[in-house]
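None of these values were measured; they are calculated from a predicted model. Residues: numbered from 1 along the sequence shown. Numbering of ligands and ligand atoms starts at 1, following listing order.
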Amino acid sequence: MALVYKTNLSLLLLSLFLTFNLASAQLRRNFYAGSCPNVEQIVRNAVQKKAQQSIITIPATLRLYFHDCFVNGCDASVMIASTDSNKAERDHEDNISLAGDGFDTVNKAKEALDAVPNCRNKVSCADILTMATRDVVNIAGGPKYDVELGRLDGLSSTAASVEGNLPHPTAGVNQLTSLFAKNGLSLNDMIALSGFAHCTKVFNRIYSFNKTTKVDPTINKEFVTELKRSCPQDIDPNVVINIDPTPRQFDNVYYKNLQQGKGLFTSDQVLFTDRRSKPTVDLWASNAQLFNQAFVNSMIKLGRVGVKTGSDGNIRRDCGAFN
Ligand SMILES: *[C@@H]1O[C@H](CO)[C@@H](O)[C@H](O)[C@H]1NC(C)=O
Ligand SMILES: *[C@@H]1O[C@H](CO)[C@@H](O)[C@H](O)[C@H]1NC(C)=O
């Protein structure tokens, strides 16, 4: 009996292992080399144009990607619009920091791809979002890295699936760690991704909180002034687009702020007060290069979360609606 149980367990583990490996083995660089060889350049041009029109493109796209991958995997399920019969992921109340510019970035890149006959409906919205996110990181002065491609778009998107899957501002290290672990991400991944572009999380809260109130009233007023200085709303687009030797937005200032007790939310500040994460915060506050490397590794790992392949997905004709 015990032996049978053990055999079944190892078979189960083996098949889980194989499933996992097959899913990530499907992802590769240059996935579209045969079908749409210029995919990266086309997406990059569209993202760059969009970022020139609105600087919010940068934090909005990053936020959209993070939200997408954490809920149901990186499958563009966050892009789906609600219908009468289905309340979609993006309409859960945790969408507070999702800005229209993120959705628009993906849609614009998709339009640009669809205008090229051989690329039309060949590239998944999930991959477009992955490339666009890489591009905004770089446009904001962050590292440039190669992305793995070959994701399919998911076949379901529900507001209910968001529940408990996104980090909350009040979360402690234990809660945050288990949320990341659920997605195969480590403590270091959590610290790296929490700090990604320190303006990302605050942008909406200091400029466009909701329809009637610009600034989130829960943020200390003096701190708002400081945040506005480091995350200006109307940066000259040319400055952002140029390869800037002193990155304006993507940097390790987040970790330096944590050292000074300037974490915006509990979930930020605990990274410095908890002895498990403090050494990493100190290291990245003092070494931007190490942070950049760690950030890239964590973004690539994030891109492998819950990837859909085979009959679990398809390539959407419209990123906002199922085929
Ligand atoms: C967020 O959800 C609200 C409430 O359902 C909805 O009105 C709003 O359009 C959503 N925001 C985005 C960016 O989808
Ligand atoms: C916007 O936020 C403020 C402060 O939390 C709140 O008082 C107000 O009712 C909100 N307005 C809308 C339209 O949600």
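- Classification of the Phe295-Tyr145 ring pair by plane angle, with boundaries at 30° and 60°, yields perpendicular.
- Ring centroid separation for the pair Phe180 and Phe70 comes in under the 6.0 Å cut-off.
- Residues forming a side chain to side chain donor-acceptor pair (under 3.5 Å) with Asp101 (at least two apart in sequence, or on another chain): Lys50, Ser54.
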Measure from every N or O atom of ligand 2 to the protein's N or O atoms and keep only the pairs below 3.5 Å, writing each with atom names and distance to 0.1 Å.
residue, atom, partner, partner atom, Å
ligand 2, 2 (O), Asn210, ND2, 2.3
ligand 2, 11 (N), Asn210, ND2, 3.0
ligand 2, 11 (N), Thr212, OG1, 3.1
ligand 2, 14 (O), Asn210, ND2, 3.4

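- Looking at Ser77 and Asp75, their side chains do bring a donor and an acceptor atom within 3.5 Å of each other.
- Glu111 pairs by the side chain to side chain donor-acceptor pair (under 3.5 Å) definition with nothing, not counting sequence neighbours.
- Residues satisfying the side chain to side chain donor-acceptor pair (under 3.5 Å) test with Lys182, not counting sequence neighbours, are Asn165.
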